[in-house]
Amino acid sequence: MNDPGIEEALRQVKDGRAEAYATVVSAFQARLRATVAYSCPPGIDPTEIAHRAFVEAFRQIDRYTPGTRFFAWVATIARTLLLLELRKRKRDERGRDGYVRHVVERTLEAELEGRSDLEEARGEALQDCVRHLPPELQSILRLRYSKDASISSIAGEVGKSPGAVKFLLFDLRRRLRDCVNGKLALRET
Amino acid sequence: VDRFQDLVSEHLDGTLDADGAAELSRSLEADPARSALFVDLVRQAGVLSTELGGPSPEAFTRGVLAEVERGKSGFVRSVMSDVRGPRRLLPLSIAAGLLVALGLAFLLALGEAPMAELVQAGPGARLRREGVDREVRAGMPLRSGDELVSGDEAPLLLRYRGEPTELSLEPRTRLVLRGGPSGKRIELFQGEISARVAPQPGGHPLVIEAPQARAEVLGTRLKLSAVEDSTRLEVEEGRVRLTRSTDGASVDVPARHYSMAEGEAPLVAEPVAPAPPRPPVVTGFSLIHADAPRQPVPGYETLRDGAEIPLGRLAGLRLNLQAHTDPPRVGSLLFAYDGDPHFNTEIQWPYTLIAGQGRGKRSWVPTPGRHTVTATPYTGTYGNGVQGVPATLTIVVTDDR
């Protein structure tokens, strides 16, 4: 069930007031982008898939049943778009960089084919794990992923050697993965 | 384990080379546990990039609304075209058109709505958006601020939305697309683009800015090449104004003419020379003074294969290496130097290994040892047209100082 404000906005969109769609997109965009990103291989832009999913949902808004979960519906659309992209890439074998790309794309494709929606829990757990990192580690992540800084420029910023930053980042990535797995295991029990 | 960590880190940080990728592939294929860890880390990196580095929530929402609104506008237009009696409905059509134009101008001003899309892209092409490199594919929407780089071999073709304007980026071309209420703009840093530009709305020209000059286009077919120190405009149809960045001097270039902005040389429009009756040939190399008047260094007018360049004897001179061709003027000349097959492309005579005309520019400072230079002439600009006959020179640089 959606928030009453979202329900009202969706009702207005159905009535032809496109501007009300901004309320809907604002409410769900971060969640959808993170959810799509988790199932998106390098080379496919999760922001683009989320964008297209929202546009497609708008075009088909008459098929949306009021009172049902809008996010689940738009995530299903995003899953379909993502699966189409993955299949398109499988057909186009040129320029492949071997097993590295293959192993990621085939894992994601198999996972998407085996379910009707997108995996949500992992993205949420990761957000939670990042929030609980010490501030200095959060700032290293921000330098790497927000500013797209190279290892050497991060090293310059934080006063460590590039080798140390490389090691730190790998350790951080593995800690985040363990944190996510721990949270999911806890949720299952 | 350390090596695996290294390879994964380099992959995630975008620094893994081809040999490393092959090694990582082998490692993943051999060990399912490592493969699972790798997939998890790649997926996690995707979420972190999106969460921390993607467009702001406001920008994303504006982008979706922009496309939604455009879809509605398209619907209004298609309905209007089905209505009989266009004369009676003309004021309404104009009003609707104005609304669409204003809406598009607003969206372009926001810089978030797609303004063009990729029609064709070859291997190695890439898009840099908001500081993140992305792989490109046909059909991908392009936004203001997107930086495009074509690959080493194939051109990259894009088409603007809502008009038949097309842009072809020759291999190794780098540019940034810009859009705003005052029209479209392309910042060309390096390479060559060919454009078929539809008449532009509201009298706002499409502006192409290169390092040495800018071209204002209202509707025409043209080709613009930019190398480090010169910009060449060739107009196939229509007329284009070329303005030099340094002093504001300008020239109107009519159809089948070209103009070259380079240093302080006069800015003039010259007729495009007809294609030569036979492919051009590189006839030899000279060691020349890097600074004007760029005469050959006495004793080094004709360099033979294996020629010695003694830095001690030439101390104090600023040097460059010139390739000579038959005919003397060709469309362009590509230099390969040691391991770099695209070391420099020259589009203006004299054709020199190191780009730079006149005083104060760079000179050639060779390192001691054996070096190989190959010069390949082309009838067209920036390595286009018919390839002529190349020549290769091996030189031995000694330093007895």
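Below, chain A is the first sequence line, B the second, and so on; all start at residue 1. When reading the values below, keep in mind they use all heavy atoms of this one structure, side chains included, and skip hydrogens, waters and symmetry mates.
- Taking both residues in full, the closest heavy atoms of A/A18 and B/L65 are given as O-CD1, 3.6 Å, listed atom of the first, atom of the second, then distance.
- Heavy-atom minimum distance, B/V39 versus A/V103: CG2-O, 4.1 Å.
- Of the inter-residue distances, the one linking B/D40 atom CG with A/R174 atom CZ reads 12.0 Å to the nearest 0.5 angstrom.
- For the options B/V64, B/T50, B/V136, heavy-atom pairs under 4.5 Å to chain A are most numerous at B/V64.
- Contact between B/E51 and A/A30 at its shortest, heavy atoms only, is OE2-O, 4.4 Å.
- Each of A/L126, A/V180, A/T35 was checked for a side chain to side chain contact (heavy atoms under 4.5 Å, CB included) with B/V47, and the lone residue meeting it is A/L126.
- Put simply, CZ on B/R143 and NE2 on A/H51 are 5.5 Å apart, with the number rounded to the nearest 0.5 Å.
- Contact between A/L141 and B/L52 at its shortest, heavy atoms only, is O-CD1, 3.8 Å.
- Within 6.0 Å of NZ on A/K160 lie no more than 12 heavy atoms contributed by other residues, nucleotides or ligands.
- Classification of B/R43 and A/E111 as a salt-bridged pair holds, one side-chain N sitting under 4.0 Å from a carboxylate O.
- Among A/S150, A/P46, A/A37, the residue with the largest count of heavy-atom pairs under 4.5 Å with chain B is A/A37.
- When heavy atoms are compared at a cutoff of 4.5 Å, B/L16 does not approach chain A at all.
- Here OG1 of A/T107 is found 10.0 Å from CZ of B/F38. Values are rounded to the nearest 0.5 Å.
- Among A/V24, A/N181, A/V55, the residue with the largest count of heavy-atom pairs under 4.5 Å with chain B is A/V55.
- Side chain of B/Q44 to main chain of A/R177: a donor-acceptor pair is present (N/O by atom type, distance under 3.5 Å, no hydrogens or angles).
- Smallest separation of non-hydrogen atoms from A/E48 and B/P141: OE2-CG, 3.1 Å.
- For residues 170-189 of chain A, there are no ring-ring contact (aromatic ring centres under 6.0 Å, His included) pairs, not counting sequence neighbours.
- For A/T47, the parts lying near chain B are the backbone and the side chain together; criterion is any non-hydrogen pair under 4.5 Å.
- Salt-bridge check for A/R144 with B/D13: passed, with a basic side-chain N closer than 4.0 Å to an acidic carboxylate O.
- B/S35 contributes atom OG, which lies 9.5 Å from atom NE2 of A/H102 (distance to the nearest 0.5 angstrom).
- Neither the backbone nor the side chain of B/A22 comes within contact range of chain A; no heavy atom of the residue lies under 4.5 Å from a heavy atom of that chain.
- Nearest heavy-atom pair, A/Q29 versus B/P57, reported as atom, atom and distance to 0.1 Å: NE2-CB, 2.9 Å.
- Side chain of A/R173 to main chain of B/L41: no donor-acceptor pair is present (N/O by atom type, distance under 3.5 Å, no hydrogens or angles).
- Of the atoms belonging to A/E85, it is side-chain heavy atoms, and not backbone ones, that fall under 4.5 Å from chain B.
- Between the CZ atom in A/F167 and the CG atom in B/D6 there is a gap of 10.5 Å [rounded to 0.5 Å].
- With a 4.5 angstrom heavy-atom cutoff, A/I151 touches chain B only via side-chain atoms.
- A salt bridge links B/E10 with A/K166: the distance from a Lys NZ or Arg NE/NH1/NH2 to an Asp or Glu carboxylate oxygen falls below 4.0 Å.
- Among A/D45, A/V130, A/L169, the residue with the largest count of heavy-atom pairs under 4.5 Å with chain B is A/D45.
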